[in-house]
Amino acid sequence: MSIQKPSIPKGTRDFGPEKMAKRNYIFSTIKEVFTRFGFLPLETPSMENISVLTGKYGDEGDQLIFKILNSRLYEAKNKEELKAEFDKGLEKNTNSDVLTEKALRYDLTVPFARYVVMNRNEITFPFKRYQIQPVWRADRPQKGRYREFYQCDADIVGTDSLLCEAEIVLMVHEVFKKLKIENFALKINNRKILSGITEIIGKPGCETDFCVAIDKLDKIGIEGVLKELREKDFDEKSIELLLPILHLQGNSKEKLEAMKGILKSSSTGLKGIEEISIVLEKVDLLGLQNSSLEFDLTLARGLSYYTGAIFEVKAIGVQIGSISGGGRYDNLTGVFGLPGVSGVGISFGVDRIYDVMEELNLFPEEHLNSTKILLCYFDEKGQQFGLPLLTKLRAECINSEIYPDVAKIKKQLDYANKKQVTYVGIIGDEEIKTGKVAVKNMVSGEQESLTIEEIITKLK
RNA sequence: GUGGCCAUAGUUCAGUUGGUUAGAACAUCAGAUUGUGGUUCUGAGGGUCGUGGGUUCGAGUCCCAUUGGCCACCCCA
């Protein structure tokens, strides 16, 4: 076999020790906040039966699902059928159970819905779960966009209380405050308002086209949105009715007031307004200070299963897509045979949060080095002397290691230096005789002779 | 799915109108230094110039194809 250059698939990444330390810092922060808000952990398999996933993310989303080829196809009895199904798949994007019956999960919400339905009798509702796992999308990678990435979801199902939305708002603030990402915008809107607008402008049922276009407002401007709408067969009368909505100014409360007037003939739209108002009220009652929450009626979001509130978080001052998003979905479990379970959730995009924090230099230093002391020695005798000490240090929960080879002291110190180990304990004949180890601080260069008990006190 | 840019050592990059043995910095390893690191100095290893074809006396350099990477659009975390 010829030597091959090693590589990893497009859009995937390795995470070395340094990156993992930073990633774990984000994960543990988010986990801590989730737990504090009463969410419990859940994990689901990387792969789902393909029928669980398809049809949940819209046409565009379905195409991005990674499918898993059935194994042992070569043993199949009816090869003709296989070939026919494969040819059909080449013609258009179809799924065939004989070729592929599993797929990698595309997000965490749909597998969660599947879990809820399957375990409906064991679950106590309202059910609050969090889930931190990778998801896969057969997208073309680019900045802030990967084919394998992590989502951190927290969802509440089994209640339609708007207090849940408010709690999510609080939780988002808490997470980003802890991560020191102070400058962010949490935008909130409601799908019912968007539906209401399509009713008002005489284009009911065209929500998808409308949402896709209006979502780009801050990117392509009003003219761009109008151009796109015209291309989607929105007539001039509709556009004329839409214009005052697009030009709406003011803070969240003022915009809500104005929309109340505009949507007065749409009961759906008014319902949306009322919902957001209640959320804002609850957020106030929960005592949120310095809120980054903002009502933005141009926020649309792609996923087709949202029915009520929608959220999106963007970091201000960093050119990257949204770092968090979510919303309420009234009937996600309906397709799995369990109607009437409303849920609302939020998803944090760790990979993008990582990129943002890297760009803004927000990672704290102390999380990067994990070994506190490295024991160094000159010969076999030194190692023998060091091993019991090492065990004592570890028994005291002090992260410690010993250099595995008899090597030059320079090399051992070099190793400590590169791993950013703060202390080294040097063991030579002198130390063995007195029972004290020469402990050197690698940052300051100071060195002192200490007994093992003194070392433990010093490093604890 | 559409479009643009790029590909040379482990990494970041030089490489002249096409010319003989493809360079530098950093990184790695070793030595200067037999009980003390980061600095310095010396040396060493490391390349089928992404891959395949073509033009040419001659290709890292020009042309075509292909693969991979980055970026924008679509969409999205």
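What's counted below: heavy atoms across the whole structure, side chains too, no hydrogens, waters or symmetry copies. Throughout, protein chains are lettered first and strands after them, A, B, ... in sequence-line order, and every chain is numbered starting at 1.
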* To do: Sticking with atom C1', work out how far rC49(B) lies from rA30(B), rounded to a whole angstrom.
  => 29 Å
* **Atom pair distance, as rounded to whole Å: CG in D414(A) and P in rG37(B)** => 9 Å
* To do: Assess whether atom NZ of K67(A) is packed by more than 12 heavy atoms of other residues, nucleotides or ligands within 6.0 Å.
  => yes
* Within the structure shown, what part of the strands sits under 4.0 Å from G445(A) by heavy-atom distance: base, sugar-phosphate, or nothing? -> base
* **C1' spacing across the pair rU21(B) / rU40(B), given as an integer number of angstrom** => 32 Å
* Asked: How far, in whole Å, is rG60(B) from rG15(B) if one measures between their C1' atoms?
  -> 8 Å
* Structure fact -> Any strand, both distances under 3.5 Å, Watson-Crick or G-U wobble: rC73(B) pairs with rG1(B)
* To do: Using a heavy-atom cut-off of under 4.0 Å over every strand shown, decide if Y146(A) touches base, sugar-phosphate, or nothing.
  => base
* For rC64(B) versus rG4(B), give the span between their P atoms, rounded off to a whole number of Å. => 13 Å
* **Result of checking I188(A), V344(A), I276(A), I346(A) against E165(A) for side chain to side chain contact (heavy atoms under 4.5 Å, CB included)** => V344(A)
* **Nearest-angstrom distance from the residue atom CG of D209(A) to P of rC74(B)** => 14 Å
* Asked: Whole Å only: how far is the NZ atom of K408(A) from the C1' atom of rG31(B)?
  -> 7 Å
* Asked: K216(A) near the nucleic acid: base, sugar-phosphate alone, or nothing, with a heavy-atom cut-off under 4.0 Å?
  -> sugar-phosphate
* Structure fact -> In whole angstroms, the gap separating P of rU34(B) from CZ of F378(A) amounts to 12 Å
* Do other residues, nucleotides or ligands put more than 12 heavy atoms under 6.0 Å from the CE atom of M118(A)? -> no
* Within 45° of the axis and under 6.0 Å from the centre of the six-membered ring of Y146(A), does NZ or CZ of R13(A) qualify? -> yes
* Asked: Does K411(A) have a side-chain nitrogen or oxygen under 4.0 Å from the phosphate oxygens OP1 or OP2 of rU36(B)?
  -> no
* Asked: Can you tell me if K372(A) uses its side chain to pair, donor with acceptor, with the backbone of E401(A) under 3.5 Å?
  -> no
* Structure fact -> Walking RNA chain B from its 5' end, the first of L64(A) and L413(A) to be reached, judged by nearest nucleotide, is L413(A)
* **Pairwise P distance for rU51(B) and rU11(B), with rounding to whole Å** => 14 Å
* **Whole-Å P distance, rC6(B) and rC13(B)** => 13 Å
* Asked: Quick one: D405(A) CG to rC29(B) P, roughly how many Å, whole number?
  -> 13 Å
* To do: Take atom C1' in rU61(B) and the same atom in rG23(B), then report the distance between them in whole Å.
  => 15 Å
* Structure fact -> Checking rG1(B), rC29(B), rG35(B) against the side chain of E430(A) (C-beta onward), the nearest is rG35(B)
* **Distance between P atoms of rG19(B) and rC62(B) (Å, rounded)** => 11 Å
* Asked: Within the pair K419(A) and rG37(B), is there a side-chain N or O less than 4.0 Å away from OP1 or OP2?
  -> no
* Decide yes or no on side chain to side chain contact (heavy atoms under 4.5 Å, CB included) for E48(A) and L104(A), but give the supporting numbers first. => CA-CA 6 Å; E48(A) 291 281 345; L104(A) 294 175; over 6 Å; no
* To do: May I ask you to say what S347(A) touches in the nucleic acid, namely base, sugar-phosphate or nothing, with a heavy-atom cut-off under 4.0 Å?
  => nothing
* To do: Scan G325(A) against the nucleic acid and name what it touches under 4.0 Å (heavy atoms): base, sugar-phosphate only, or nothing.
  => nothing
* Asked: Ring stacking, F348(A) with base of rA77(B), under 5.5 Å and under 30°?
  -> no
* Asked: Across the strands shown, which category fits I409(A) at heavy-atom distances under 4.0 angstrom: base, sugar-phosphate, nothing?
  -> sugar-phosphate
* Asked: NZ of K143(A) versus C1' of rC5(B): gap in Å, rounded?
  -> 16 Å
* Short side-chain N/O contact from Q142(A) to OP1 or OP2 of rA72(B), under 4.0 Å -> yes
* To do: Describe the nucleic acid contact of V212(A) in one word from base, sugar-phosphate, nothing, applying a heavy-atom distance below 4.0 Å.
  => sugar-phosphate
* Classify the nucleic acid contact of E148(A) as base, sugar-phosphate or nothing, counting any heavy atom under 4.0 Å across all strands shown. => nothing
* **Among rC75(B), rU36(B), rC76(B), the nucleotide that comes nearest once only the side chain of Q447(A) is considered** => rU36(B)
* Asked: Tell me: NZ of K232(A) to C1' of rC74(B), nearest whole Å?
  -> 10 Å
Identify the pairs formed between an N or O of the protein and an N or O of nucleotides 65-69 of chain B at a distance under 3.5 Å, and give each distance.
residue	atom	partner	partner atom	Å
rG69(B)	OP2	K10(A)	NZ	3.4

* Would you name the heavy atoms of N189(A) and T298(A) that are closest together and state the gap between them? => ND2-N, 4.2 Å
* Count the heavy atoms belonging to other residues, nucleotides or ligands that lie under 6.0 Å from NZ of K255(A), then report whether that count exceeds 12. => yes
* Within this structure, what is the CD1-to-C1' distance between I65(A) and rC75(B), rounded to whole angstrom? -> 14 Å
* **Near-ring test Y106(A)/F66(A), centroid separation under 6.0 angstrom** => no
* So with a 6.0 Å cut-off around CG of D87(A), is the heavy-atom count from everything else above 12? -> yes
* K440(A) vs rG35(B): side-chain N/O to OP1/OP2 distance below 4.0 Å -> no
* Asked: Where the side chain of R145(A) is defined as all heavy atoms beyond and including C-beta, which of rU2(B), rG35(B), rA77(B) is the nearest nucleotide?
  -> rA77(B)
* Would you kindly compare G428(A) and S322(A) by the position of their nearest RNA chain B nucleotide and give the one closer to the 5′ end? => G428(A)
